[in-house]
Amino acid sequence: MAGTPNHFQLIQQFAVTAAQMQAIETRIFDAGMPVAALMEKVALNITRRLLSILHSEHTSTPIKLIGVLVGPGHNGGDALVVARELYYRGYGVLLYSPFSQHKPLTADHLRYAASLGIQTVEAIAQLAHCDLIIDGMFGFGLERPIQGDIAQIVETVNSWHQPVFSIDIPSGIHTDTGLVLGKAIKATKTFCLGLWKLAFLQEQALPWLGTSELIDFDIPLTDIHAVLGVSPPLQRLTPQWAISHLPIPLPQNTHKYKQGHLLIIAGSRRYTGAALLSGLGARASGVGMLSIAVPESIKPLLSFQLPEALIIGCPETELGAIASIADHINLDSYDAIACGPGLTPENVSLIQTVLNSHRPLVLDADGLNLLAQLDPVTTLSNRQAATILTPHRGEFKRLFPQLNDKSHSSMEGSRAAARLTGAVVILKGARTCIATPQSVIINPESSPALARGGSGDVLTGLLGGLLATQSRQSQPPELSAQVAVWWHSLAGIVAAGDRTELGVDAFTLTKYLNLKQLLTHFPQFTPNSNVPIYNN
Ligand SMILES: NC(=O)C1=CN([C@@H]2O[C@H](COP(=O)(O)OP(=O)(O)OC[C@H]3O[C@@H](n4cnc5c(N)ncnc54)[C@H](O)[C@@H]3O)[C@@H](O)[C@H]2O)[C@@H](O)CC1
Ligand SMILES: Nc1ncnc2c1ncn2[C@@H]1O[C@H](COP(=O)(O)OP(=O)(O)O)[C@@H](O)[C@H]1O
Ligand SMILES: [K+]
């Protein structure tokens, strides 16, 4: 039935540590699934996917000979089953295992492979002429840094040019932190097994993971819930979730004010474009009414570019920043306020006025830099209405110097900031985290095409618009944050697909926010379908 998620779609929302994955596997084994049977199932699923890639993708060299790195544990066991299957499908296969000891199941598969006549080589150099390398050295059982001979092997493989497909995780990457333990295989593609591991959500791991995909092996949802809880505090943001919470279709009897009225406070004589880009982001959100407060001198430009918006000219400072909110503006009459892009850090009293309002508020860019000059924790804790902060790493450090611990991941940092302030914290980057005091949701897919001036301003407008509409419908602010982050990054991905990663300036990005065009990529999901995130 359309809109009913299947197992593969349902498990996309979870992310696990090595310990959680082990606990889930233990439950499966305790319930009676034989370890060897599960290994066979997992590896056959990997093989099926691998073969479909080998048959469909145009590689510069046809893949005939495949080198397989075999570790001492069950990651090595998986690799050996894959190797055996590839051998039977007619591929040349060379095994290399630089370990004297293997777990019993892995040792059995190694022995069986030898009995079939699959060749084992004695030196890594003998794999140099393989067309593809499969990395089955270490998975989530990596427990100490890779050193010595194994480190040399990893370096040698990384110096080659053929594709490398890693099983579960590139060997050497820590499953939880995504950090390199000593040395790590640089994969072209990684087949993550069963459930997404935390490393796949950590920016530092991205250069090693290559493209990544999940290989499902039907882990029962009851086991996942038993280990992670029914509402896990850490989740992945999925298209299904975001699409099901888009505020469409509109009620037939709605009117423009019911669809929310957003006030954007942005821009200066120096940063005109920031106000415009936020306005265009808000336009794409479909918000019912849009007002934009800017310094008087840039009002004509905004009026020309956004004819549907109400542009409010404000008194300005000598340098062309907003000096004060125009007298006739009642901040509390809007459904939401988005404040910050292009303001300049000149006027702290402006941000104080905005913070004193009783409306849901998005603070971005100079709005955050101005907030940093106040006491952010006390100021935000005292706010009556919802606040959403959208810092990038630099702004985050200025706002929360007390959380500036380099060992903190984005997920830990954003969660700590949300707990300190009560705000929703969107910590932007390649893997944007959306934190509330209770939970963190991470956007697992984006495009580096967005790493470009002005794309954050677009997000602020889009988010502000959604917040104005959805707060009218009593939706929690984090929901608007999640939908906006997903929508914005999908626009970046699709735009980069059409125009290359260099072709996505912020203005072009606003054109790609066209929802109809974006939804064609997910015909299986229905907007506003109210699917609970932990539906099973
Ligand atoms: N039971 C199964 O068949 C399943 C297997 N899976 C596979 O099993 C893997 C986990 O298996 P294991 O728990 O055996 O762990 P691994 O195969 O990841 O590695 C553990 C082995 O490596 C050794 N080791 C760890 N760090 C080392 C280092 N730095 N240098 C040298 N040796 C080191 C350990 O002593 C141990 O022998 C997963 O990543 C996955 O590939 C699961 O994905 C699915 C279910
Ligand atoms: N490497 C990357 N991959 C994916 N998205 C990125 C990357 N770098 C930045 N982004 C996204 O681009 C946007 C940049 O926002 P921001 O830094 O505020 O830029 P600006 O202030 O110029 O508008 C954010 O949404 C961020 O998540
Ligand atoms: K691996």
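All values reported here derive from a predicted model rather than from experimental measurement. Indexing begins at 1, ligand by ligand and atom by atom, following the structure's order.
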Inset, instruction - Look at atom 6 (C) of ligand 2 and say which protein heavy atom is nearest, naming residue and atom and giving the distance to 0.1 Å. - result: G429 O, 3.6 Å

Inset, instruction - Kindly confirm or rule out an N or O of G456 lying under 3.5 angstrom from an N or O of ligand 2. - result: yes

Legend entry - Closest approach of any protein heavy atom to atom 16 (P) of ligand 2, naming residue and atom: K428 NZ, 3.6 Å

Inset, instruction - Could you tell me whether D498 and K511 have a side-chain N and a carboxylate O separated by less than 4.0 Å? - result: no

Inset, instruction - Classify the angle between the aromatic ring planes of F138 and F99 as parallel (below 30°), tilted (30 to 60°) or perpendicular (above 60°). - result: perpendicular

Legend entry - Part of T432 within contact of ligand 2 (heavy atoms, under 4.0 Å): side chain

Legend entry - R111 bridged to D108 by N-O distance under 4.0 Å: yes

Legend entry - Proximity winner for atom 37 (O) of ligand 1, if only heavy atoms of G139, P72, P34 are counted: P72

Inset, instruction - Examine the proximity of ligand 1 to V35 and report which part, side chain or backbone, both or neither, has a heavy atom under 4.0 Å away. - result: both

Inset, instruction - State whether the shortest distance between N or O atoms of D457 and N or O atoms of ligand 2 falls below 3.5 angstrom. - result: yes

Legend entry - Where the K ion (ligand 3) is the vertex, angle from D135 O to S171 OG to 10°: 100°

Legend entry - Option of least heavy-atom distance to atom 25 (O) of ligand 2 (set: E203, E501, H488): H488

Inset, instruction - Examine the proximity of ligand 1 to K103 and report which part, side chain or backbone, both or neither, has a heavy atom under 4.0 Å away. - result: side chain

Legend entry - Sub-4.0 Å heavy-atom contact, I150 with ligand 1: no

Legend entry - Closest approach of any protein heavy atom to atom 30 (N) of ligand 1, naming residue and atom: F138 CZ, 3.7 Å

Legend entry - Nearest non-hydrogen protein atom, atom 11 (C) of ligand 2: L450 CB, 3.7 Å

Inset, instruction - State, to 0.1 Å, how close N158 and K186 come at their nearest heavy-atom pair, and which atoms those are. - result: OD1-N, 2.9 Å

Legend entry - Side chain, backbone, both or neither: E25 near ligand 1, heavy atoms under 4.0 Å: side chain

Inset, instruction - Show which atoms of ligand 1 fall inside a sub-4.0 Å distance from at least one heavy-atom site of M39. - result: 3 (O)

Legend entry - Taking atom 13 (C) of ligand 2 as the reference point, the nearest protein heavy atom with its distance: S455 OG, 3.1 Å

Legend entry - Structural part of L142 in contact with ligand 1, heavy atom criterion under 4.0 angstrom: both

Legend entry - Atoms in ligand 1 with a heavy atom of F140 nearer than 4.0 Å: 10 (C), 18 (O), 38 (C), 39 (O)

Inset, instruction - Quick one: look at D78 and ligand 1, take heavy-atom pairs under 4.0 Å, and tell me if it's side chain, backbone, both or neither. - result: side chain

Inset, instruction - Tell me which part of P145 gets within contact of ligand 1: side chain, backbone, both or neither, using heavy atoms under 4.0 Å. - result: backbone

Inset, instruction - Begin with the C-alpha distance, continue with both residues' side-chain angles, and end with the deciding distance and a verdict on side-chain contact (heavy atoms from CB on, under 4.5 Å) for D78 and M39. - result: CA-CA 6 Å; D78 287 348; M39 179 178 287; 3.3 Å; yes

Legend entry - S447, portion touching ligand 2 at heavy-atom distance under 4.0 Å: backbone

Inset, instruction - Answer yes or no for G71: is there a heavy-atom contact with ligand 1 below 4.0 Å? - result: no

Inset, instruction - Please confirm whether G194 comes under 4.0 Å of ligand 1, counting heavy atoms of the residue only. - result: no

Inset, instruction - Check whether any N or O atom of L459, backbone or side chain, sits under 3.5 Å from an N or O atom of ligand 2, and answer yes or no. - result: no

Legend entry - N, O or S of I169 under 3.4 Å from the K ion (ligand 3): yes

